[in-house]
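Structure first, then comments.
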There are 2 protein chains.
Amino acid sequence: MSAVSRPTSTDVARRAGVSRATVSHVLNGTDHPISEATRQRVLAAARDLHYAPNASARALRAGRSNIVLLPMPRSGSLPGQDVFLAHLGRELAGMGLDLLLHGDHTASGVEGARMWAELRPAAVFLDTSRGTQPAVALLRQAGVQAVLLSGVPAGPYAPSVPIDPSAVARVATRHLLSQGHRRLSCLVPGGEWAALAERRFEAVVEAAQIENALVERVDCSLAVSSIAPAVARWRNPAHRPDAVYAYNDEFALMLIYALREAGLDVPRDIAVVGSGNQPLGAILRPTLTTTHFLVPDLAHAVASSLRRLLDGRELDPALAAAVQPRLIVRESA
Amino acid sequence: MSAVSRPTSTDVARRAGVSRATVSHVLNGTDHPISEATRQRVLAAARDLHYAPNASARALRAGRSNIVLLPMPRSGSLPGQDVFLAHLGRELAGMGLDLLLHGDHTASGVEGARMWAELRPAAVFLDTSRGTQPAVALLRQAGVQAVLLSGVPAGPYAPSVPIDPSAVARVATRHLLSQGHRRLSCLVPGGEWAALAERRFEAVVEAAQIENALVERVDCSLAVSSIAPAVARWRNPAHRPDAVYAYNDEFALMLIYALREAGLDVPRDIAVVGSGNQPLGAILRPTLTTTHFLVPDLAHAVASSLRRLLDGRELDPALAAAVQPRLIVRESA
DNA sequence: CAGTTATAGTGACACGTGTTACCCGCCCGA
DNA sequence: TCGGGCGGGTAACACGTGTCACTATAACTG
């Protein structure tokens, strides 16, 4: 393996027969006047050497970077995580910003903030659960220009994107109520889903209260056996809810299957609504009524807000609309 | 907003009443002897000031960073992407490495390589489609210590993890053949799935050839209407395949649904196998035979290999096993 | 007591970049 | 002829860190 030296701007300067300062002026497009001839020489030299400026040195000198740091979101805190990240990354790249997802999703609090601060990012995009007041303060003190929080409730100490992963439950419940359903039930899976499930359950209860509707709680897991007792009970019309919010589309499909096995018809006997707009929901019959976020719009609004924040402006007004979940009415409810 | 100064090691030194060099020795745990008393003073000062070392300056001085850069994988190139990333991030964090996912998945080739090189990462983990020879050469020249490629075929110019997203198709096909099926069919969805689908189809054909089995190709999309013609044809036993490889679990579930609607029984009339081990496959009847990667194992082996590569050793031998897809036999085939 | 060794601490340099202030030659106007 | 503006280019500093070489005191060893 040849011990090639990583080319620096000095190498480019030497090859072009000019000073390093000139190289910098050319490559960064300063308004400093440079003759076209030398400009071309410098560009050619940089290309020949495959010169790539050292981001560390640049950031050190400038006192800031163009990094947008996104600590690895814990599962469920961002809707459509991989799609969201893909869109956000492309959007930010178009704005001259580098999205960096930082690895360990267990890091949090002040301890995590110190790790994130080490990179001296221009901006950090955090969920509220980890963006505590001291964490945000530490980041600010480390020179992070923009700290954007995601979640509800919004912290008063930093601008926030009110992405509420439980909002889909609210929208779904409103739809059920508008259809005249008053006896509701809600699946509440445990395990890895527990945290989000509790919040969605609360959202359902809250929305139901407005119409004085009652909500039965069904703890479960992703196995038919876990909902079998409830389904058996519901065979008796006296104990049967009008409609079920099933936490998400997977649970909804499982529930619909179990109901059919028990001889109950969806939506005639029980209406079912899920969340997430999984493709299968549009395919299997009865097709699934669901609620979801427009993830691309959301990513666009977040990217735009970050850019505006860095420019000293306020959040993108389009955010308010983008965080609203959408309802897709199909056959199941 | 108060214009607080970002604390540097100089500030810590001043507060502790020692020199900056001493601060560095204490905070980095050098073998240089430092009295316990001053050690504590320094640590206290650092804590009080919420000191976080500047990663840029550190990397600049050291000539290397502890960043593992993973350019955003294009969809389908990594199995179980979000889970994989979560595991990989945690594993690397435990090894003192920072996983950074870099934003724009459209960047590629030499142009992309220059962007990635700017960060001067310690290691880069790339799929072979973007890890072309010149790209790898550029990264190496920029001082990247370890370039690890993911995909098949392995490039001869860099160590590779032979993760083959189409290997699941091979395993599925072998299972079908071992069950005595000789007339096979394969779903080949277009659109966003086209690239991966083609490769999986080829893998099926290849595996089938060994037993002189024929493979019918069924182009389709994620809509029942797209497979309706094939299903209609299969109602005639003379035109009916013994088994279908359905690209993935979603398509498999869609297919099973369509077959049942057409009065065909799975697996009696036609066997079906998918890929991905989606939870629903284990729930709906007939439960779905499927193939998938053990993503956590894969992430562990990749993390371990990166660490070893940085230490100048060879890849983790556990990789060979970790890249093998697993077969889960259930009712459908 | 002289000489070696460990302990505790510091000064100064280099990493690669962007930018400010400066220099030099030229042309123009008075 | 002289001063001044301008196009074209450069020297030199600062960013924050890690580490090498070095000093000084104290502790042994013979």
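Within every chain, numbering begins at 1; the chains are lettered A, B, ... in the order of the sequence lines, protein sequences first and strands thereafter. Just so it is clear, the structure is predicted and the values come from calculations on it, not from any experiment.
Counting only heavy atoms from C-beta on, A:Thr22 has its side chain closest to D:dT10 among C:dA8, D:dT10, D:dG8. The B:Pro33 side chain lies nearest to C:dT7 when the options are C:dT17, C:dA12, C:dT7.
A sub-4.0 Å separation between OP1 or OP2 of D:dG9 and a side-chain N or O of A:Ser35 is present. Residue A:Ser24 places no side-chain N or O under 4.0 Å from the OP1 or OP2 atom of C:dT17. The side chain of B:Ser19 contributes an N or O atom lying less than 4.0 Å from OP1 or OP2 of C:dT10. In this structure, A:Ser9 does not reach the C:dG16 phosphate: none of its side-chain N or O atoms is under 4.0 Å from OP1 or OP2.
Sorted by residue number, the members of residues 40-68 of chain A with any non-hydrogen atom under 4.0 Å from DNA chain D read A:Leu60, A:Arg61.
Mapping B:Ala21 and B:Glu36 onto DNA chain C by nearest heavy atom places B:Glu36 closer to the 5' end of the strand.
Scanning all heavy atoms of the two residues, the minimum distance from B:Leu78 to B:Pro73 falls at CD1-CG, 3.9 Å. B:Ser65 and B:Ala122 get closest at one heavy-atom pair: O-CB, 3.2 Å. Across all their heavy atoms, A:Ala301 and A:Leu319 have their closest contact at CB-CD2, 3.6 Å.
Counting to the nearest Å, the C1' atom of D:dC6 and the CD1 atom of A:Ile34 are 14 Å from each other. At whole-Å resolution of the value, CZ in B:Arg120 and C1' in C:dT17 are 11 Å apart. Atom-to-atom, CG of A:Asp11 to P of C:dT17 comes out at 9 Å; the value is rounded to the nearest Å. The nearest whole Å value for the distance from the CG atom in B:Asn28 to the C1' atom in D:dT17 is 9 Å. Look at NE2 on B:His25: it is 13 Å from P on C:dG11, rounded to the nearest Å. Taking atom CZ on B:Arg6 and atom P on D:dG16, their separation rounds to 8 Å, with Å as the unit. Distance A:Asp31 CG to D:dG8 P: 14 Å, rounded to the nearest Å. As a whole-Å value, the separation of B:Arg20 CZ from D:dA14 P is 15 Å.
No side-chain donor from either of A:Asp316 and A:Ser305 sits under 3.5 Å from a side-chain acceptor of the other. Between B:Asn28 and B:Thr30, the side chains place no donor N or O within less than 3.5 Å of an acceptor N or O (distance only, hydrogens not considered).
Inter-residue side-chain proximity for B:Gln141 and A:His50 is flagged as met; some heavy-atom pair is nearer than 4.5 Å.
Between A:Arg199 and A:Asp164, at least one side-chain nitrogen of the basic residue sits less than 4.0 Å from a carboxylate oxygen of the acidic one, meeting the salt-bridge criterion. A:Asp311 has no carboxylate O lying under 4.0 Å from a charged side-chain N of A:Arg308, or vice versa, which leaves the two without a salt bridge.
Between the side chain of B:His32 and the base of C:dG9 there is at least one donor-acceptor pair of N/O atoms closer than 3.5 Å. Under 3.5 Å, the side chain of A:Arg39 and the base of D:dG8 form no donor-acceptor pair of N or O atoms.
Note on B:Thr30: nothing from the nucleic acid sits closer than 4.0 angstrom, heavy atoms only.
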